[in-house]
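Everything numeric here is computed off the predicted structure, so don't read it as measured data. Atoms within a ligand are numbered from 1 in the order they appear, just like the ligands themselves.
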Amino acid sequence: MAKEIKTIGVLTSGGDAPGMNAAIRAVVREALGKGLKVKGIKRGFAGLLQEEIMDMDARSVSDTIQRGGTILQTARCLEFKTAEGQERGAEICKKHGIDGMIVIGGDGSFQGAQKLARLGINTIGIPGTIDLDIACTEYTIGFDTAVNTAMEAIDKVRDTSTSHERCSIIEVMGRGAGYIALWCGIANGAEDILLPERYDFDEQKLVNHIIENRKRGKQHHIIINAEGIGHSESMAKRIEAATGIETRATILGHMQRGGSPTCKDRVYASIMGCYAVDLLCEGKTNRVVAYCNGDFTDYDIDEALAMKKGIPEYQFQYCTNLAI
Ligand code: ADP
Ligand code: F6P
């Protein structure tokens, strides 16, 4: 028989993402509406191990849907990667009466969620990361806001780049995943995009492309470089020396992780928060909420973690085709 959940815990873990507050708010209010108690855990798994646990009511999440960051704060916690840490985490949940847990974060956080589920705490993951690098879902909380923030910033750099007839290398976030770079490449009309998944480090090819474009009458050359490749400053110096074209590097950095969430991030995060509570109420555990083929769904966490996601080659090719 499915375990009846009376108290839900919620935490955010890994890198923060705009829209996490909308998800927390949805978890709290959907659960309260179903007659459950809700406990907020501060600073992810680190706060769980420190027992930073507080009761949440409807007012605890007032005035948060429009705010970036996470009101519960977030952390990375090495101790939770150990069996002892995980067992202590599960014991702390039991001590505080938490029989259902919702973990908002990325793949790393889902591994933590999986361990709690194995230790008897019914646990559901909600995908929260600006990187969009969770294989089982076409949507992750924060990507839409982050990519729009980056796009607006790149438009601004493009204005000055065109005025000065420069080459601009703009570094966007994504250590292991190039989705922000790919989307900005298309949205900003970039001449080149360098993605961790496929960049071949052939700088001469870039140099040739810049020179060809200048001959074709292009007044600027925008290169979107993903954080995973990095070294934008030194690349700019080398490109300037090789092309004779003034080249500047701009690293957008953590501004991409902050700011008020877009409508999409607020709506999808809210739906995912409610959906996660409903899964717990149905007695489900070890699931991750996802968005696929136009609708919300859920996967077994083990299955979700085993899935692989790559950059769609044709989208990369279209970006290149449009940069002539
Ligand atoms: P993200 O969730 O964004 O992928 P991280 O990879 O930094 O971010 O993971 C966030 C946290 O999840 C880690 O600091 C750790 O507490 C927990 N975590 C990551 N991997 C594991 C694991 N293999 N087992 C248990 N917990 C993990
Ligand atoms: O949340 C994802 C992400 O922003 C990655 O794109 C980036 O590589 C990483 O987090 C940076 O994390 P930190 O907060 O440790 O600088």
Proximal ligand 1 atoms for [X], defined as those under 4.0 Å from one of its heavy atoms:
| X | value |
| --- | --- |
| Phe45 | 12 (O), 16 (O), 17 (C) |
| Arg76 | 7 (O), 14 (O) |
| Gly112 | 25 (C), 26 (N), 27 (C) |

Would you call [X]-[Y] a salt bridge at under 4.0 Å N-O?
| X | Y | result |
| --- | --- | --- |
| Arg88 | Glu79 | yes |
| Asp55 | Lys39 | yes |
| Glu212 | Lys218 | no |
| Lys284 | Asp278 | no |

Discussion item. Looking at ligand 1, is there an atom of it that comes within less than 4.0 Å of some heavy atom belonging to Thr129?
Written reply: no
Nearest to [atom], what protein heavy atom do you find, and at what distance?
| atom | answer |
| --- | --- |
| atom 11 (C) of ligand 1 | Ser13 OG, 3.4 Å |
| atom 2 (O) of ligand 1 | Ser109 OG, 2.5 Å |
| atom 25 (C) of ligand 1 | Phe80 O, 3.2 Å |

Discussion item. Are Phe316 and Tyr314 an aromatic pair, judged by ring center distance below 6.0 Å?
Written reply: no
Worksheet entry | His209-His221 aromatic ring centre distance below 6.0 Å |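 Yes: the rings meet the under 6.0 Å criterion.
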Would [X] count as being in polar contact with ligand 1, using the rule that some N or O on each side must be under 3.5 angstrom apart?
| X | answer |
| --- | --- |
| Cys77 | yes |
| Lys81 | no |
| Gly14 | no |
| Gly108 | yes |

Worksheet item: So between Gly15, Ala46, Gly106, whose heavy atom ends up nearest atom 1 (P) of ligand 1?
Response: Gly106
Worksheet item: Among Gln111, Gln86, Glu79, Gln114, which residue places a heavy atom closest to atom 22 (C) of ligand 1?
Response: Gln111
Worksheet item: Under 3.5 Å, is there a donor-acceptor pair between the side chain of Arg158 and the main chain of Asn188?
Response: yes
Practice prompt. Give a yes or no answer on whether the side chain of Arg29 reaches the backbone of Ala58 with a donor-acceptor pair at less than 3.5 Å.
Written response: yes
Item to complete: With heavy atoms only and a cut-off of under 4.0 Å, state how Lys115 meets ligand 1: side chain, backbone, both or neither.
Response: side chain
Discussion item. Checking one residue: Ile251. Which other hydrophobic residues are in its cluster under the side-chain 4.5 Å linking rule?
Written reply: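 Members besides Ile251: none; it forms no cluster.
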Fill in: Which atom of Gly258 lies closest to which atom of Thr145, heavy atoms considered
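Heavy-atom minimum between the residues: O-CG2, 4.4 Å.
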Discussion item. Tell me every residue that passes salt bridge (Lys or Arg N to Asp or Glu O under 4.0 Å) with Lys81, counting only those two or more places apart in sequence or in another chain.
Written reply: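 Applying salt bridge (Lys or Arg N to Asp or Glu O under 4.0 Å) to Lys81 gives none.
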For ligand 2, list every N/O pair with the protein closer than 3.5 Å, one pair per line with the distance.
unit_1	atom_1	unit_2	atom_2	d
ligand 2	4 (O)	Arg257	NH1	2.9
ligand 2	6 (O)	Asp131	OD1	2.7
ligand 2	6 (O)	Asp131	OD2	3.1
ligand 2	6 (O)	Gly174	N	3.1
ligand 2	8 (O)	Arg175	NE	3.4
ligand 2	8 (O)	Glu227	OE1	2.9
ligand 2	8 (O)	Glu227	OE2	3.0
ligand 2	10 (O)	Arg257	NH1	3.0
ligand 2	12 (O)	Arg257	NH1	3.3
ligand 2	14 (O)	Arg257	NH1	3.2
ligand 2	14 (O)	Arg257	NH2	2.8
ligand 2	15 (O)	Arg76	NH1	2.9
ligand 2	16 (O)	His254	NE2	2.8

Worksheet item: Which salt bridge (charged side-chain N to carboxylate O under 4.0 Å, His left out) pairs, counting each pair once, include a residue from residues 301-321, with sequence neighbours left out?
Response: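 Of all non-adjacent pairs touching residues 301-321, those that pass salt bridge (charged side-chain N to carboxylate O under 4.0 Å, His left out) are Arg118-Asp302, Arg198-Glu313.
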Practice prompt. Return the orientation label for the Tyr268 and Tyr291 ring planes: parallel under 30°, perpendicular over 60°, tilted otherwise.
Written response: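 The rings of Tyr268 and Tyr291 sit tilted, inter-plane angle from 30° to 60°.
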